[in-house]
Amino acid sequence: MFSSHDQDLGSIVLEIEKGRMRIRNKHRKSSAFGCNAGSRCSCLAVWSLVGFILMIHFFTHIHRDDEEDVLVQLGHLSDIGELEEVEEVTFHFSPPRDRRSPRALKRKGPRKPPTVIDEFLDESSEVHAFFFPNRKIAFGPTKEGNNSMYFYPGRLWLDTDGNPIQAHGGGLLYDDRTETHYWYGENKDGPTYHAHRKSAARVDIIGVSCYSSKDLWTWTNEGIVLPGEETNVTHDLHKSNVLERPKVIYNDKTDQYVMWMHIDDANYTKAAVGVAVSNSPIGPFTYLHSMRPHGCESRDMTIFKDDDGKAYVIYSSEDNSELHIGPLTDDYLNITRVMRRILVGRHREAPALFKHQGIYYMITSGCTGWAPNKALAHAAESIMGPWETMGNPCVGGNRVLRLTTFFAQSTFVAPLPGLPGSFIFMADRWNPSELKDSRYLWLPLTVGGLADEPLEYNFGFPHWSRVSIYWHKRWRLPEGWRTD
């Protein structure tokens, strides 16, 4: 079927051709070939008809392409519709018992009841057991009857060998050459202990693990691609130190894979970043050096590679009271002198950056140690700022889950190819009593719709879209996510 617009265009073309015929007949000169006006008109009529048929074919082709684009867009909407369903959760726990003796209870009276976060951190509580279910309900490719490709946020996630994945505080890299996703993260498969009485729970540095996958669900262990140092106590990666939040990006100019990470000592006084490189996504990575970027403290951090190939480091600084951001050198091995302070005085950490339709977005966490807290979403038209805070992106679950980022902390946001505006929000549910048993929360994140909170530093609402992280007890990637 043709639209009235197509018919109007066809009529215009016919009128133009008729006008040309009249002009040519009026100024006709004699020809050695002896063609008369009638024959010339006949030729012009034939060619006009051919041109009209070609034009109809052209507009039909455009119309068909438009219909296909609409069908693709409708397919995308159908694909993400299930991910954007708001799923509510209710849970009821028995009130915690006071374990003191009756005599102590009588003398000192009842204690102030613990908060749900206190219970979450208490390994002996019912709440803790609820959020860290045992291995019987783990998921992964080796679990019988678990080939449905569903994600189960908070359950143990097993690799192709049937072992729990060890890639905490990590991030993803998609390698175009191998058409493979790589997941890098901290290997915490060791005993949890405290270096001294008031220190945070820790595990000795084992190294950075790497896993590979074609479908983002089935993960093969590629081993430890950057190991810790066993004997040299002066080395940044000595097992007594801290290695956190490793991220890897590929440098197109140098053909190298570059890893940045948070490097610290056991007391968190070094506050630096470390850099390593490799010629392969599965390592081995060679550790190069550590530094305090721009001469400032650096703790929770990440790196971000923009569409133009430029890369940036983003890190918490000044006792985690603000974030700093600055471009890397062209080889990604160092920083430049340019730096901007953002979210000053906001006390945010665990930054996870991503980009959509020219706008930069970031998810951050509050600074409460291993305890979960409320996430915030931020946006900016320039990666160097200014950055505006958009509010809590968490949707669904219940009020407690939304105020604790579903009892987890942000680490990375990965785009879903073929589904514009759809991403995977990657987070860690930390278990400070047994860090190797910390869990992963992968949840759908979408960008779309109007922001529901006004701008902080300007009047009115932002023109960019809302960021939403949807809670699901179980979910899976839509069928069309890999279609480019």
Side-chain angles (χ1 to χ4, degrees), residues 89 91 93 96 114-140 151-159 162-171 183-195 197-209 211 219 239 242-246 262 264 266 268 299-300 349-350 352 365-375 394 397 400-401 403-412 425-443 471 473-474:
V89 174
F91 41 72
F93 302 110
T115 66
V116 66
I117 293 179
D118 294 331
E119 290 287 289
F120 169 80
L121 297 173
D122 180 2
E123 62 181 316
S124 64
S125 76
E126 181 185 357
V127 176
H128 184 89
F130 176 83
F131 285 107
F132 294 94
N134 62 37
R135 185 165 178 153
K136 290 181 180 179
I137 58 171
F139 74 99
F151 297 99
Y152 291 87
R155 292 190 187 183
L156 271 176
W157 193 347
L158 307 181
D159 63 18
N163 298 317
I165 293 173
Q166 288 290 331
H168 308 283
W183 182 3
Y184 303 91
E186 309 159 34
N187 188 311
K188 290 189 175 296
D189 195 15
T192 299
Y193 70 98
H194 295 262
R197 190 169 59 90
K198 294 186 177 181
S199 66
R202 59 164 285 122
V203 170
D204 282 345
I205 292 179
I206 297 172
V208 177
S209 296
Y211 294 81
W219 292 96
K239 62 183 181 180
V242 171
L243 186 165
E244 294 177 337
R245 299 187 173 273
H262 171 205
D264 229 315
Y268 284 85
R299 292 188 173 89
D300 275 12
E349 64 179 12
S365 157
C367 301
T368 54
W370 296 116
N373 56 69
K374 183 175 73 172
C394 296
V400 173
L401 287 175
L403 291 178
T404 57
T405 319
F406 312 115
F407 286 90
Q409 185 182 42
S410 52
T411 183
F412 196 77
F425 172 70
M426 296 171 56
D428 295 280
R429 178 175 287 171
W430 297 113
N431 183 358
S433 60
E434 193 70 44
L435 284 169
K436 67 181 178 182
D437 190 42
S438 298
R439 308 300 173 85
Y440 311 105
L441 266 76
W442 285 25
L443 292 168
W471 168 255
K473 186 177 180 180
R474 74 167 194 169

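We're numbering straight along the sequence, starting at 1. Owing to the predicted nature of the structure, the values given are computational and were not obtained by experimental measurement.
- Looking only at side-chain heavy atoms (C-beta outward), C394 and L401 stay at 4.5 Å or farther from each other.
- One distance of note links OH of Y268 with OG of S199; it measures 9.5 Å at 0.5 Å rounding.
- A donor-acceptor pair shorter than 3.5 Å can be found between the side chains of Q409 and S365.
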| Trace of the side chain to side chain contact (heavy atoms under 4.5 Å, CB included) decision for W430 with L121 | CA-CA 9 Å; W430 297 113; L121 297 173; over 6 Å; no
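- Note: F139 and F151 have perpendicular aromatic rings, judged against thresholds of 30 and 60 degrees for the angle between ring planes.
- Two residues are said to be in side-chain contact when any heavy atoms from C-beta on lie closer than 4.5 Å; V242 and R202 meet this criterion.
- Side-chain atoms of S209 never come within 3.5 Å of backbone atoms of A167 as a donor-acceptor pair (strictly under, hydrogens ignored).
- For R135 (side chain) and P164 (main-chain N/O), no donor-acceptor pair under 3.5 Å exists by modelled atom type.
- Note that the CZ atom of F407 and the CZ atom of F131 stand 4.0 Å from one another [nearest 0.5 Å].
- For the pair R439 (side chain) and R429 (backbone), a donor-acceptor distance under 3.5 Å is absent.
- Rounded to the nearest 0.5 Å, atoms CG (D437) and CG (D189) are 10.5 Å apart.
- Put simply, the side chain of V89 does not reach to within 4.5 Å of the side chain of K473, judged on heavy atoms.
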| said: Please determine whether ring pair (Phe, Tyr, Trp, His ring centres under 6.0 Å) holds for the pair Y440 and W183, giving the CA-CA distance in whole Å, both sets of side-chain angles, and the decisive distance to 0.1 Å. | reply: CA-CA 12 Å; Y440 311 105; W183 182 3; 5.0 Å; yes
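- Between the side chains of Q166 and H168, at least one donor N or O sits under 3.5 Å from an acceptor N or O.
- To the nearest 0.5 Å, atom OG1 of residue T192 and atom CD of residue E434 are 4.5 Å apart.
- N431 contributes atom CG, which lies 10.0 Å from atom CH2 of W370 (distance to the nearest 0.5 angstrom).
- Residues H128 and D122 fail the side-chain proximity criterion, which asks for heavy atoms closer than 4.5 Å.
- The two residues L441 and F406 come nearest to each other via the heavy atoms CD2-O, 3.4 Å.
- In summary, the aromatic rings of F425 and W442 are positioned with their centroids too far apart to meet the 6.0 Å limit.
- Looking only at side-chain heavy atoms (C-beta outward), P372 and F120 come within less than 4.5 Å of each other.
- When side chains are defined from C-beta on, K436 does not count as touching V203, because their heavy atoms never get closer than 4.5 Å.
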